[in-house]
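Chain A is the first sequence line, chain B the second, and so forth, proteins listed ahead of strands; every chain is numbered from 1. For the numbers below, each heavy atom of this structure counts, side chains included, while hydrogens, waters and symmetry mates do not. Note that the structure is predicted; figures quoted are calculated from it, not measured.
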Amino acid sequence: MDIVEERPYRFRVERHGDMRVPGVVFASRALIPDARADKSLEQVANVATLPGIVEASYAMPDIHWGYGFPIGGVAATDVTDGGVVSPGGVGFDISCGVRLLAADLTRDRMPPPVLNDLMDRLDEGTPRGLGKGAVWPARDSGRHLRGVLESGARYLVELGHGVRRDLDRCEDGGGVADAQPEHVSARAIERGRDQLGSLGSGNHFLEVQVVDEVHDERIAAAFGLRAGQVCVMIHCGSRGLGHQVCTDHVRTMERTMGRYGITVPDRQLACVPVDSSEGRAYMGAMAAAANYGRANRHLLGESVRRAFHAVAGTDVELVYDVSHNLAKLERHQIDGRERELCVHRKGATRALPPAHPELPGDLATVGQPVLIPGTMGTSSYVLAGVPGGGAFYSTCHGAGRVQSRNQAAKAVNGRTLRDQMEAGGVAVRGTSWKGLAEEAPTAYKDVSEVVTVSERAGLAALVARLVPIGVLKG
DNA sequence: ATGTCC
């Protein structure tokens, strides 16, 4: 494969074979995947063959191998030019993302006994792991699931959970438009019934964090963040419901894409035109699953608020909620002409620049908050969208694995890891030793390097670094 | 990521 450094932090994968556009990887030399160990650059090239793709098959600095598309991939197709939508370009965890809340208190008001009390409350109030259990019992979810699928967190605020201002601090105002719950299968509904308000497992987490470094005071202040402030970061997705929606629609597309004359170099790139009955059905089901994911984070956030009120008597404000697994219909300028594109972001975060019409008024001068969850127990980042951000206003989403779960579980002892984190001043509440070991920081790239490279590549601006003082794992 | 294969 021919890879050319166009400029620092931007590499081009030259067109070859059936590629319709080049690949573009935003990375440092060190972060470019090793082709011998990781097939993700091949996946970048495969995505470039998709019908209707425009500009390039993009990859973020945290690129790694995924189902069909690489994780850290961004691809946009022209809807009016036969452009396709592919569930593999969104991922199984539809609308997986991050919600950041900021408490009205600083670290000095969170000494170990208070922190432990808070962690115990959060432990109780945050259902997680592979087992059952959710903030909402199945009978409530059942009654309200239709509303949740139609409008996400907006529906919950109408019911009295959370406040209106929360919705201004959510991507899409808390709910993705044009959701079509009728394209969510009965099995997906069944899987989602008893999981609304649950964290899940794997790399999903809830952390109590402290703002450790502020890189841009003006933007941080506009986001409601200041040095020393206690925050809570929630990283989770749409659980079994989103997974089932992906599974269902991948199967349909595998069967039907031949009818549209589409062939793909990898079966996992199953896709159909956005403007087809199967394409519209997936878009509608995906939007509904995304709304489930938004509602899931919203309910967990409300649970966090109750814990802070009980333990510290303080308010908690939403900084932002943004997903990093989604496809969206967006209008962008291509060759001097505005076109409707289906922008797939898989392990990539939307990062709108200042003055973008979709931003609420008080964020217009600073850009969209971008939330980057780090590896358990290390650090996480808040970035902001920048003018001219490449790849349809997208940036990285996290550290990215370098070791498989199995490799990590063999290399690390969960109990030892817990003890090390506790000794380092981080309170840990896990559910499984193996699960903890699989998420060891040694299994991941350095998120600081990923974030630094994202900034240097012109994809986003660094605003603040957050470090954990408490970790809740599924 | 995921009732880690209906």
Checklist entry - Are A/His324 and A/His235 close enough that their ring centres sit under 6.0 Å apart? => result yes

Next on the checklist: What is the distance, to the nearest angstrom, from the CD atom on A/Glu439 to the C1' atom on B/dT2?
Outcome noted: 14 Å

Checklist entry - Which whole-number value in Å describes the distance from A/His243 NE2 to B/dT4 P? => result 9 Å

Item to check | Interatomic distance, A/Lys434 NZ vs B/dT4 C1' [rounded to whole Å] | outcome: 9 Å

Next on the checklist: Rounding to an integer number of Å, can you tell me how far A/Gln244 CD sits from B/dC6 P?
Outcome noted: 8 Å

Item to check | Rounded interatomic separation in angstrom, taking CZ from A/Arg239 and C1' from B/dT4 | outcome: 13 Å

Next on the checklist: What is the distance, to the nearest angstrom, from the CZ atom on A/Arg405 to the P atom on B/dT4?
Outcome noted: 13 Å

Item to check | Side-chain N or O of A/Thr247 closer than 4.0 Å to phosphate OP1/OP2 of B/dT2 | outcome: no

Item to check | For A/Tyr282, all residues meeting ring pair (Phe, Tyr, Trp, His ring centres under 6.0 Å), sequence neighbours excluded | outcome: A/His249

Item to check | Most 5' of A/His204 and A/Arg251 on DNA chain B, judged by nearest nucleotide | outcome: A/His204

Next on the checklist: What contact category does A/Gly200 fall into here, base, sugar-phosphate, or nothing, at under 4.0 angstrom with non-hydrogen atoms?
Outcome noted: sugar-phosphate

Item to check | Rounded distance in Å - CG (A/Leu199) to C1' (B/dT2) | outcome: 14 Å

Checklist outcome for this item: A/Asp248 CG to B/dC5 P, in whole Å, measures 17 Å

Next on the checklist: Base, sugar-phosphate or nothing for A/Gly202? Non-hydrogen atoms, less than 4.0 Å.
Outcome noted: sugar-phosphate

Checklist entry - Can we call the ring centroids of A/Tyr320 and A/Phe223 under 6.0 Å apart? => result no

Checklist entry - To the nearest 0.5 Å, what is the distance between CG (A/Asp172) and CD (A/Glu358)? => result 7.0 Å

